[in-house]
Amino acid sequence: MARNDASPPSDFIRVIVDEDLRTHRHQGRVATRFPPEPNGYPHIGHAKSICLNFGIAAQYGGTCNLRMDDTDPSGESMEYVESIIRDVKWLGFDWQDRLYYASDYYEKLYQYAMRLIRVGKAYVCDLSADEIREYRGTLTEPGRESPYRNRSSEENLALFERMRAGEFEDGARVLRAKIDMTSPNITMRDPVMYRIKKENHYRTGEKWCIYPMYDFAHCLSDSIEGITHSICTLEFENNRPLYDWFLKELNVEPRPQQIEFARLNLSFTVLSKRKLIELVEKGVVSGWDDPQMPTLSGMRRRGYSPEAIRNFCERIGVSKNDSLIDMALLENCVREDLNERAQRVLAVLRPLRVVIDNYPEGEVEEFDCPYHPKNPEMGSRKVPFSRVLYIEQEDFLENPPKKFFRLAMGREVRLRYGYFIRCVGVVKNANRGEVSEVHCTYDPETRSGFAPDGRKVDATIHWVSAAHSVPAEVRLYDRLFRIADSLGEGPDFMEYLNKKSLETLGSCRVEPSLSHAAPGDRFQFERLGYFCVDSADDKDKVLIFNRTVTLRDAWARIAEKGDDR
RNA sequence: UGGGGCGUCGUCAAGCGGUAAGACACAGGAAUUUGGAUCCUGCAUUCGGAGGUUCGAAUCCUCCCGCCCCAGCCA
C-alpha cells in the first residue's frame, strides 16, 4: 500500500514491537534507549539511531533513555558527553530526566559479576592478552580451555576482589565468562567480562581500576533501566547469544530483547568514528564541527535543519540490508525544507562591475522585494539600486554558447525585482584581456520587471548595488570525498579526499539587509543556493556564510553535456 | 573451507501464495520576474541464479552464486 506523509513509518522493528504489544510481551511496555559511547561527536549515522529509538518510543507511548555507554575510560570525555546532549536535543528529542550513565552502574555490575563467579559461571584468568588470543582458536578451529578455568569460586572471588583493589597491573588478569571454548560463535568462547585499566575515568576518577566490557555491561544496563527493545546495529548480531546468556545466567528480570538493523552508509563521506577522528586529528578539517563533517555539529554549522535530518532518517527506512544512501537524498531533504522557510536575498559571490550608463549619477532608489515568492506573510525588505552594480561573473559571457541566455553583448536581461538592462559595451583588463566591467543601459519603463510593451526577456539575474552592498566571505562546500564508496580500510581512505571540498570566496557582496544577519541564520541566495551564517569563526565581524547546498542547476547540466555552440 | 546475517529499478525501500507501492536519481514536457520551486509524463513482464511444489511464487521447498559481520583485555 502506498504510504502518505501522515502515516507513521513501518519497518521490521516496528512490526516486532506491534507483535510484542499484541502478545503482551514486556507487560505491554515499550522502552528504548540511545546508548552512545562518549568518545566522539555524534554524526548522521547516529541520527538514524536516535530517530529510530526516540521515534518508536514516541509512536507507542513509551520512553527512550539517553545513556552514555561509558565502560572504557580511554577516549571518553565530558566534551563528548556535552556534544551528544547538545545534538540529541537539537535534533528535537527529549529524554526528560532519563539521562543515564553505564558508569553509574559499576557497583551493580560488579555485584552481578560476583554472582556469576559464585555460581561457577565466571573465572579470573591469568593468561596474557596474546595467550588468550591463542587459546581462542580461529574461525575454523575450536579454542582451548584456559588453564585457570577451573579455579574454585572462593579463589575467583578473592582474586576478583583483589583486581578491584588494584593489586595487579594492567593486563595481568581478566574476569571471563565460563561458556564454551568450542562454540562456533567466537563471541561465546569465554569472553572477557572485566579488564584492569589503571586509568582516570572522566566520571568515576580513580575509584575503579577494573572496567566491564560492552557485552557484560550493555545487557545488564538495559535490564536495570527496564528497556524492552534494545536496538543496535548489525555487527552486534553475533553478540546476541551472549547478551541473552548473561541475562539468563543471572536470572534477571526484566529481559530486554536485542534487535539489530543496518547502520547508515552515506555516499561521498565516511561515518566510522575512527576515520572521523583521523580527519580531525590530522587537521584535514578544522574540527568536529567543520561544515564538511557529517557530524551533527558540522551539519548544523553548515546550515542543515533538524527537520531536514529527521525527514531524511525517516525516508531512508530501516532494514537489515547493507546499504549506501545517495548523498543526493540528504541534499534533497535540506532543499525541500529550506525552500519552504528560507528568506530569499541577493548576494553576488564573484562580482563583476556593471555601470548603467543612462542612470543618473548619485541617484538611489529602493525596490521592495518579497522575502519569499510563495509566502507573502514572510514580508519584504527594501533593496537599494544605483548606477553601479555588481552581478555574478558567470552571468555574463562574451561569446555565449547557444543555450546560454544570460547577459552578453547587445542582449537584454532582467535584474531581479528591477529594470531590464541591455549590454552596450565592455571594458577589458589591459594585460589579461578579461572583461573587468560591463556597460549597460536600462529601460526606465521596466521598473518592477515588466515591460509595458510586453516584450520578454530570456533571463533574470541577481545583483547588488556596489555602493550599498556589504562585503562578506562565503565558503563553498562540496563533497568531502571524490568517490562514492569503497573508501577502503586502513589509512588509504585519505587518498580519496576531494581537494576542492572547500573553496573560500573573500570578495563577495551581499545586499545591505544582511548586515543584521545573526550566526545560524539561513537564507537562500537567489539563483545560487542555501547559505547559513557561520557560527564559529568571527573574523573581526566580517560576515561569513557557509553554503549548505546549491540550488538545482539546470544550466550546469546543460553546460556539462558539452559544447553546444 | 566455522558461525551469524543479507540479496526486489542507478540508490534506498514496500511486498508475508493471487499476479511488482513509494521516494531519491535520471529523461522528456508545461508554466515561470530564481535555468529555483511547482505541475504533468516516462522509468523492474520482473524480484541473485537454477530446479521443484501450486490453478497461481518475489513470497513455500532444494541446490548453487554473491556480499557483509565475528579470531580487541573497543563499542
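Per chain, numbering begins at 1; letters A, B, ... match sequence-line order.
- Only one option out of His462(A), Arg350(A), Arg527(A) pairs with Glu392(A) in a side chain to side chain donor-acceptor pair (under 3.5 Å); it is His462(A).
- Residue contacts for Ser128(A): at a heavy-atom cut-off of 4.0 Å it reaches a base atom on one of the strands shown.
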- Please report the C-alpha distance between Phe160(A) and Tyr194(A) in whole Å, then the side-chain angles of each, then the deciding distance to 0.1 Å, and finally whether the ring pair (Phe, Tyr, Trp, His ring centres under 6.0 Å) criterion is met. CA-CA 9 Å; Phe160(A) 188 47; Tyr194(A) 271 89; 5.2 Å; yes
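- Here the side chain of Asn332(A) is nearest to one of A25(B), A14(B), A71(B), namely A25(B).
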Between N or O atoms, less than 3.5 Å apart, protein on one side and nucleotides 34-38 of chain B on the other: list the pairs.
from, atom 1, to, atom 2, distance (Å)
U34(B), O2, Gln524(A), OE1, 2.9
U34(B), O2, Arg527(A), N, 2.8
U34(B), N3, Gln524(A), OE1, 2.6
U34(B), O4, Arg344(A), NE, 2.5
U34(B), O4, Arg344(A), NH2, 3.1
G35(B), OP1, Arg527(A), NH1, 2.8
G35(B), O2', Ala554(A), N, 3.2
G35(B), O2', Trp555(A), N, 3.2
G35(B), N7, Arg406(A), NH1, 2.3
G35(B), O6, Phe405(A), N, 3.2
G35(B), N1, Lys403(A), O, 2.8
G35(B), N2, Lys403(A), O, 3.1
A37(B), OP1, Arg552(A), NH1, 2.2
A37(B), O2', Asn339(A), ND2, 2.9
A37(B), N3, Lys374(A), NZ, 3.2

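- Using a 4.0 Å heavy-atom distance criterion, Val15(A) is classed as making no nucleic acid contact.
- Nucleic acid contact class of Tyr194(A) (heavy atoms, under 4.0 Å, all strands): none.
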Return all side-chain donor-acceptor pairs below 3.5 angstrom for residues 319-334 of chain A, not counting sequence neighbours, or 'none' if the list is empty.
from, atom 1, to, atom 2, distance (Å)
Ser319(A), OG, Asn321(A), N, 3.1
Lys320(A), NZ, Glu237(A), OE2, 2.4
Asp326(A), OD1, Ala328(A), N, 3.0

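- Applying the 90° criterion around 0 to the glycosidic angle, G66(B) comes out anti.
- Ser323(A) comes within contact range of the sugar-phosphate backbone alone, with a heavy-atom separation under 4.0 Å but no base atom that close.
- Of the two residues near RNA chain B, Leu330(A) and Glu235(A), the one whose nearest nucleotide lies more 5' is Leu330(A).
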- Going 5' to 3' through nucleotides 3-9 of chain B, assign each nucleotide B (protein heavy atom under 4.0 Å from a base atom), S (under 4.0 Å only from sugar-phosphate atoms) or - (no protein heavy atom that close). BSSSS--
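- The CD1 atom of Ile186(A) sits 12 Å away from the P atom of C73(B) (whole-angstrom rounding).
- Val174(A) comes within 4.0 angstrom of a nucleotide base, judged by non-hydrogen atoms across all strands.
- In this structure, Phe367(A) and Phe385(A) have tilted ring planes: the angle between them lies in the 30° to 60° band.
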